[in-house]
Amino acid sequence: MPIIRDNATALYRQIAARLEDEIRSGRFEPAGRLPSEAEIGTRFAVSRVTVRLALDELARKGLIERRKGKGTYVAGKEVRHELDTLQSFHESLILQGLNASMRVLSVGTTRTPETIAAALGRGWETCLSLERLHLVDNEPIALGRSFLPPALAKLSRDEMESRPTYAIVSAFAGLDVERAHVAIGAETADPQLGSILKVPAGAALLVMERTSWFTDNTPAERSTFYVRPERYRFVMNNVLRH
């Protein structure tokens with residue numbers, strides 16, 4: 001439906017209302033990119049100033065986010081990962097009420113990389129290498145690469161796509177995961193990571209490296225997560241001064 005140019009409602013408000021309807025109806029995926037200002041201007045045959053006023057209206061309502069140098073995006077629900085709570089990556093998404101899923105990209109028994117074998121210690125000469133894509137509302141949010149006990153190779157693909165890492169390793173060992181060492185960093189996406197996570201090569205990613213241990217102090221797993229930062233935040237609560 002075209003906008004009405006002799007309507008008492010300002011053009012920018014009509015455009016804002018039209019875009020709001022499209023956002024709320026799900027035309028744009030959560031945290032998805034909106035067309036550029038130029039594309040919106042061409043669509044409605046209005047000036048860029050009018051488009052900016054319309055986007056200002058949507059921003060005031062909290063419906064969109066403007067990211068410098070990246071464009072305008074639908075405001076998505078923030079995803080939080082509490083570092084002071086021992087949870088699997090997937091479990092943390094589920095507990096927030098998010099529509100979270102996993103997709104196995106690769107899995108197989110392999111020789112453990114030397115640096116990781118050295119960190120995990122004796123008995124980790126081989127491992128199950130598992131690569132899973134984590135999604136929220138079917139939108140990629142992180143790639144997880146895990147090194148797990150090789151006996152877990154007997155798990156079905158369905159189990160690997162539905163069960164969090166800690167649930168898998170605890171069921172295997174008959175022990176709970178008791179503690180983990182977590183390091184947070186950042187790096188740029190190479191072309192392969194960019195393609196998987198649907199970001200440009202060279203885009204900044206959050207990186208979480210995690211090593212976990214069972215209650216008997218034996219290593220449970222080693223994982224690295226490459227995370228899209230637009231909607232993801234690591235949080236540390238109850239920090240005490242010593």
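Starting from 1, each residue takes its place in the sequence as its number. Side-chain atoms are counted along with the backbone in the values below, which use heavy atoms only and exclude waters and symmetry mates.
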Could you report the tightest heavy-atom contact between [X] and [Y], atom names first, then the distance?
X: Ser162; Y: Pro164; answer: O-CD, 3.9 Å
X: Ala119; Y: Arg222; answer: CB-NH1, 3.9 Å
X: Pro35; Y: Ile40; answer: O-CD1, 3.7 Å
X: Arg210; Y: Ala180; answer: CG-CB, 4.1 Å
X: Leu120; Y: Pro219; answer: O-CG, 3.0 Å
X: Ala16; Y: Leu58; answer: O-CD2, 3.4 Å

Please say yes or no: joined through hydrophobic side-chain contacts below 4.5 Å, possibly via intermediate residues, are [X] and [Y] part of one cluster?
X: Phe234; Y: Leu93; value: yes
X: Tyr12; Y: Leu34; value: no
X: Val207; Y: Leu133; value: yes
X: Leu193; Y: Ile141; value: no
X: Val107; Y: Met102; value: no

For the side chain of [X] and the backbone of [Y], is there at least one donor-acceptor N/O pair under 3.5 Å apart?
X: Ser88; Y: Glu91; value: no
X: Ser170; Y: Leu175; value: yes
X: Glu161; Y: Val104; value: yes
X: Thr112; Y: Trp124; value: yes
X: Arg228; Y: Pro140; value: yes
X: Ser195; Y: Pro191; value: no

Calculate, to the nearest 0.5 Å, the distance between atoms [atom1] and [atom2] belonging to [X] and [Y] respectively.
X: Cys127; Y: Ile116; atom1: SG; atom2: CD1; value: 7.5 Å
X: Gln87; Y: Gln96; atom1: CD; atom2: CD; value: 8.0 Å
X: Tyr166; Y: Glu178; atom1: OH; atom2: CD; value: 11.5 Å
X: Leu143; Y: His134; atom1: CG; atom2: NE2; value: 8.0 Å
X: Asp56; Y: Ile64; atom1: CG; atom2: CD1; value: 7.5 Å
X: Ser146; Y: Leu128; atom1: OG; atom2: CG; value: 9.0 Å

Take Phe214 and Val169, measure what side chain to side chain contact (heavy atoms under 4.5 Å, CB included) needs, and give me the verdict at the end. CA-CA 9 Å; Phe214 292 120; Val169 295; 4.0 Å; yes

When you look at CZ of Arg103, are more than 12 heavy atoms from neighbouring residues, nucleotides or ligands closer to it than 6.0 Å? no

Take a 6.0 Å sphere around CZ of Arg13 and say whether it holds more than 12 heavy atoms from other residues, nucleotides or ligands. no

Contact check, side chains of [X] and [Y], non-hydrogen atoms, under 4.5 Å:
X: Arg18; Y: Glu22; result: yes
X: Glu20; Y: Leu63; result: yes
X: Leu19; Y: Arg43; result: yes
X: Phe147; Y: Ser129; result: yes
X: His181; Y: Trp213; result: yes

Could you check whether the rings of Phe89 and Tyr232 sit parallel, tilted or perpendicular, using 30° and 60° as the cut-offs? parallel

Do Thr218 and Asp216 pair up side chain to side chain, a donor and an acceptor below 3.5 Å, judged on atom types alone? yes

In terms of side-chain heavy atoms, does Thr165 have a donor or acceptor partner in Arg132 at a distance below 3.5 Å? yes

Show your reasoning for whether side chain to side chain contact (heavy atoms under 4.5 Å, CB included) applies to Asn217 and Arg179. CA-CA 9 Å; Asn217 211 37; Arg179 62 187 177 92; 2.5 Å; yes

Tell me which one of Glu209, Met208, His81 satisfies side chain to side chain contact (heavy atoms under 4.5 Å, CB included) with Val182. Met208

